[in-house]
4 protein chains.
Amino acid sequence: MRSDEQRPLGRPRASDQTQPTTESITEAATQLFTKNGYQTVSVNDVAKQCNVTKATIYYYFPSKAELFTETMVQMMIRIRKRINAMLHEPIPLKSRLYNITKTHLSATVDIDINGFMKGTTHTLSPEQLERINKAEMDMYQSIEQVFTHAMEQKEIREINPVFATHAYLSLLKVGNYNNEKQAKIYDSIDEMAEQIIELFWEGVQIKES
Amino acid sequence: MRSDEQRPLGRPRASDQTQPTTESITEAATQLFTKNGYQTVSVNDVAKQCNVTKATIYYYFPSKAELFTETMVQMMIRIRKRINAMLHEPIPLKSRLYNITKTHLSATVDIDINGFMKGTTHTLSPEQLERINKAEMDMYQSIEQVFTHAMEQKEIREINPVFATHAYLSLLKVGNYNNEKQAKIYDSIDEMAEQIIELFWEGVQIKES
Amino acid sequence: MRSDEQRPLGRPRASDQTQPTTESITEAATQLFTKNGYQTVSVNDVAKQCNVTKATIYYYFPSKAELFTETMVQMMIRIRKRINAMLHEPIPLKSRLYNITKTHLSATVDIDINGFMKGTTHTLSPEQLERINKAEMDMYQSIEQVFTHAMEQKEIREINPVFATHAYLSLLKVGNYNNEKQAKIYDSIDEMAEQIIELFWEGVQIKES
Amino acid sequence: MRSDEQRPLGRPRASDQTQPTTESITEAATQLFTKNGYQTVSVNDVAKQCNVTKATIYYYFPSKAELFTETMVQMMIRIRKRINAMLHEPIPLKSRLYNITKTHLSATVDIDINGFMKGTTHTLSPEQLERINKAEMDMYQSIEQVFTHAMEQKEIREINPVFATHAYLSLLKVGNYNNEKQAKIYDSIDEMAEQIIELFWEGVQIKES
DNA sequence: CATGAATGAGATTTCATTCAT
DNA sequence: GATGAATGAAATCTCATTCAT
């Protein structure tokens with residue numbers, strides 16, 4: 001179809017292979033879904049973004065809902081891994097959180113699950129909702145565990161670890177807000193991260209009486 | 001569900017009016033949009049919820065986008081007023097925040113603007129986006145002012161008031177999370193509010209050196 | 001509703017009365033229908049143009065189709081009268097036709113019945129179509145008679161008078177074309193009229209053998 | 001009319017294809033639009049006429065306006081070609097015009113552009129209007145050139161060729177009128193054509209003084 | 001006399017999905 | 001493995017029309 005760029009004969013070299021189709025699709029889907037939400041993004045949008053046709057997507061995924069589910073779950077698994085790695089470095093908890101914060105603020109994808117789940121409840125099957133939910137929970141769990149551990153070590157004060165986790169992640173989103181709106185709160189990611197950690201850390205620190 | 005109360009053509013008799021139609025529409029729209037987001041909710045959904053037809057909605061609002069915009073703006077104005085009133089009671093800032101938190105957690109509507117704005121950027125006109133944006137900013141501003149004032153009064157530590165505002169509101173959303181998911185973090189709203197305020201307050205308090 | 005322009009008390013003076021409502025409606029309708037055709041013009045368009053509401057139009061006319069029919073018929077009656085008057089002045093036929101042509105070219109309304117009747121066949125009732133048809137025929141008839149008479153007087157050659165009529169009116173429309181398109185054929189109405197009559201007259205003249 | 005030949009989902013089998021779908025669509029559209037005008041004809045009407053669904057039409061044409069534009073332009077190109085061919089046969093101009101007239105009167109499609117353009121100005125984009133306009137102009141141009149040439153050859157008298165063109169086409173439409181109304185002017189197409197050419201030719205002939 | 005409120009039917013358009021190739 | 005062609009269902013929006021006031 002693109003006759004101007006004739007492909008040479010023979011098996012293409014490995015380096016020429018850019019990416020298996022499934023991956024291009026998932027990648028495009030991740031980007032679009034997290035940015036615009038489930039309803040707004042059409043299967044065609046995803047197809048265009050990765051230069052295939054709608055039908056190709058249906059060759060790999062049985063439905064839009066499934067594509068979304070898979071995409072979301074995979075994304076959360078990736079995020080969990082990334083967080084997990086940083087969560088177990090041999091440095092003080094505050095520093096670990098600081099690093100995670102910085103990494104997250106520089107990442108393009110958003111962690112605001114609730115945001116792009118808006119309005120999927122009626123469309124996704126219970127089983128799919130459950131899978132996403134599980135992935136989300138898993139993502140939180142390692143953080144919760146770290147908080148629980150830190151509490152035992154008296155590194156932080158007595159606090160519901162689930163609450164602490166959500167409070168922390170919630171504050172992370174303030175950083176995302178920073179990116180989207182025209183009026184930035186802080187100029188640099190570093191400063192933003194520092195302020196977030198500062199507030200959170202004071203909030204969960206052991207109170208000196 | 002429809003045929004039991006088939007409304008006749010033409011103008012309805014004046015007698016049994018309980019609420020002006022515009023209000024029923026806005027009310028239904030607020031509920032649906034905040035719960036499910038812009039794209040998911042169809043004009044027909046709104047119509048059904050308030051027992052009128054699609055056409056009636058288009059009689060009052062020129063387009064879905066405009067209905068959404070109006071609804072969001074009005075909602076934010078209401079929230080701002082409510083917050084504003086509580087923000088200026090003659091009690092310590094921490095108590096005022098606690099009250100706001102409690103009120104907000106018991107309210108049905110959500111403050112997670114970013115959430116239901118997902119995917120509206122392509123659909124709403126720049127002018128509409130701007131209106132919503134302004135209403136959002138206005139909503140934040142009074143909180144910002146209170147923080148600025150509190151800083152001057154040495155009630156809280158030196159901190160960017162915009163950041164403080166967003167951090168506070170972000171933590172509020174942890175409460176909404178509490179409502180939606182099956183696994184509640186805390187059983188009572190009071191406890192939830194206490195924990196939120198506790199964390200936030202420690203985070204912004206003047207540090208004793 | 002327009003509080004800035006308070007109407008004085010008492011019965012308004014006769015001169016203040018601008019026009020009976022029916023007439024404003026017919027006038028507006030004539031303008032819009034002839035310019036844009038039946039389907040394109042909504043009842044609301046007509047209402048706006050004459051500063052009343054849709055309901056008012058329905059107070060005077062039972063349906064859009066009827067409004068259209070009435071409007072068209074009245075318009076054709078007016079045109080017929082105008083043509084008729086000029087058709088019986090005591091001057092040579094060629095001059096009479098020239099005058100009619102000039103008058104018609106300066107008039108705003110269009111005589112291209114077929115044009116704005118496009119697509120009304122399915123919408124108008126047979127009876128309404130018939131009324132319009134009759135008015136159209138009546139409009140033509142007086143011209144036909146004049147041609148028949150002229151033939152008897154050997155003022156023009158033997159020719160089917162119905163054909164002559166339509167040929168003449170057809171040529172008239174060339175003038176309307178002149179108005180609408182950007183590239184005018186002739187600058188002045190006079191010149192246009194002259195050329196039309198010249199061509200037509202030569203075409204129907206008695207051939208000198 | 002629908003249920004007897006319920007077409008299954010998906011791509012149809014290749015075997016029994018008589019005509020590419022695009023062509024069926026354009027054909028149906030040409031017929032309907034020229035007969036009933038833009039506004040009256042719904043996309044569904046076109047779809048039904050060529051036994052596909054609305055969605056299929058939108059698969060090939062991005063909008064109704066575009067379908068209309070394409071249809072009109074293609075039709076005018078076809079007409080132009082047909083006229084052009086006859087316009088350059090090596091016979092006297094009067095005979096060529098006679099042939100064109102006869103052919104046109106037997107054709108089903110109408111040349112009355114203004115007629116089915118009624119009310120499209122507000123709906124079509126300027127670019128679409130421009131395309132149609134250009135096709136129309138192109139259609140006229142070859143006729144104009146022939147008249148200009150004939151004038152130089154003293155085959156016809158001095159006359160504005162644009163005017164002559166429109167006058168000729170206008171007279172052609174008298175023939176269409178003949179077809180539509182119940183009361184025919186002449187019984188046979190041949191006679192109609194003769195009369196039209198007779199009138200026109202006398203009208204543009206060199207005057208013997 | 002005139003209008004505001006409401007509706008039913010239908011128009012245009014989008015989109016997830018299917019299927020033969 | 002990938003795609004072009006086609007569709008059904010639904011969404012947004014328009015409009016002629018009705019009716020109580």
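Since we're looking at a predicted model, the values are computed, not measured.
Side-chain contact of B:Glu27 with B:Gln49: a donor-acceptor pair under 3.5 Å is absent, judged by distance alone. Counting only N and O atoms by type, the side chains of A:Gln128 and A:Ser125 include a donor and acceptor under 3.5 Å apart. Side-chain atoms of D:Thr123 and D:Thr120 form no donor-acceptor pair, as typed in the model, at a separation below 3.5 Å. With no hydrogens or angles considered, no side-chain donor-acceptor pair links A:Ser24 and A:Thr21 at under 3.5 Å.
Between E:dC19 and A:Tyr58, no contact under 4.0 Å exists linking OP1 or OP2 to a side-chain N or O. When the side-chain nitrogen and oxygen atoms of D:Thr21 are compared with OP1 and OP2 of F:dA6, one or more of them lie within a distance under 4.0 Å. Neither OP1 nor OP2 of E:dA2 sits under 4.0 Å from any side-chain N or O of C:Tyr59. For the pair C:Thr53 and E:dT3, the criterion of a side-chain N or O lying under 4.0 Å from OP1 or OP2 is met.
Among the nucleotides F:dA2, E:dT17, F:dG8, the one closest to any side-chain atom of A:Ser63 is E:dT17. The side chain of B:Ser42 sits closest to F:dA11 out of F:dT3, E:dT12, F:dA11. Closest contact between the side chain of A:Ala55 and the listed nucleotides F:dT3, E:dC15, E:dT3 involves F:dT3.
Distance NZ (B:Lys64) to C1' (F:dA10): 12 Å, rounded to an integer number of Å. In this structure, the CG atom of B:Asn51 is 12 Å from the P atom of E:dA6, given to the nearest Å. Here the C1' atom of nucleotide E:dT13 and the CG atom of A:Asn44 are 14 Å apart, to the nearest Å. Rounded to an integer number of Å, the gap from D:Gln39 CD to E:dT12 P is 9 Å. Residue A:Lys48 contributes atom NZ, which lies 9 Å from atom P of E:dC15 at whole-angstrom precision. As rounded to whole Å, 12 Å separates atom P of E:dG10 from atom CG of D:Asp45. If you measure from atom CD of D:Glu23 to atom C1' of F:dA5, you get 16 Å, rounded to the nearest angstrom. Look at CD1 on B:Ile57: it is 11 Å from P on E:dA6, rounded to the nearest Å.
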- Task: Could you check B:Glu66 against B:Tyr58 for side-chain contact (heavy atoms from CB on, under 4.5 Å), going step by step and ending with a plain yes or no?
- Result: CA-CA 10 Å; B:Glu66 195 57 30; B:Tyr58 280 96; over 6 Å; no

Inset, instruction - Take B:Leu67 and B:Thr26 through the side-chain contact (heavy atoms from CB on, under 4.5 Å) test and state the conclusion after the steps. - result: CA-CA 8 Å; B:Leu67 170 63; B:Thr26 326; 5.9 Å; no

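Take the nearest nucleotide of DNA chain E for B:Tyr60 and for A:Val43: the residue whose nucleotide is more 5' is B:Tyr60. Residue whose closest nucleotide on DNA chain E sits further toward the 5' end, between C:Val52 and A:Val41: C:Val52. Positionally, the nearest nucleotide of DNA chain F for D:Thr22 lies more toward the 5' end than for the other of D:Thr22 and B:Pro62.
Geometrically, D:Lys64 engages D:Tyr38 in a cation-pi contact defined by less than 6.0 Å to the ring centre and at most 45° from the axis.
Stretches of at least 3 consecutive Watson-Crick or G-U wobble pairs, with each checked distance under 3.5 Å, appear in DNA chain E as E:2-21 with F:2-21.
Atoms CD1 and CG, on B:Ile57 and B:Asn44 in that order, are 8.0 Å from each other to the nearest 0.5 Å.
Across all strands, B:Phe61 comes closer than 4.0 Å to no nucleic acid atom at all (heavy-atom distances).
For a distance-only test at 3.5 Å, the side chain of A:Lys54 fails to qualify as a donor-acceptor partner of the base of F:dT3.
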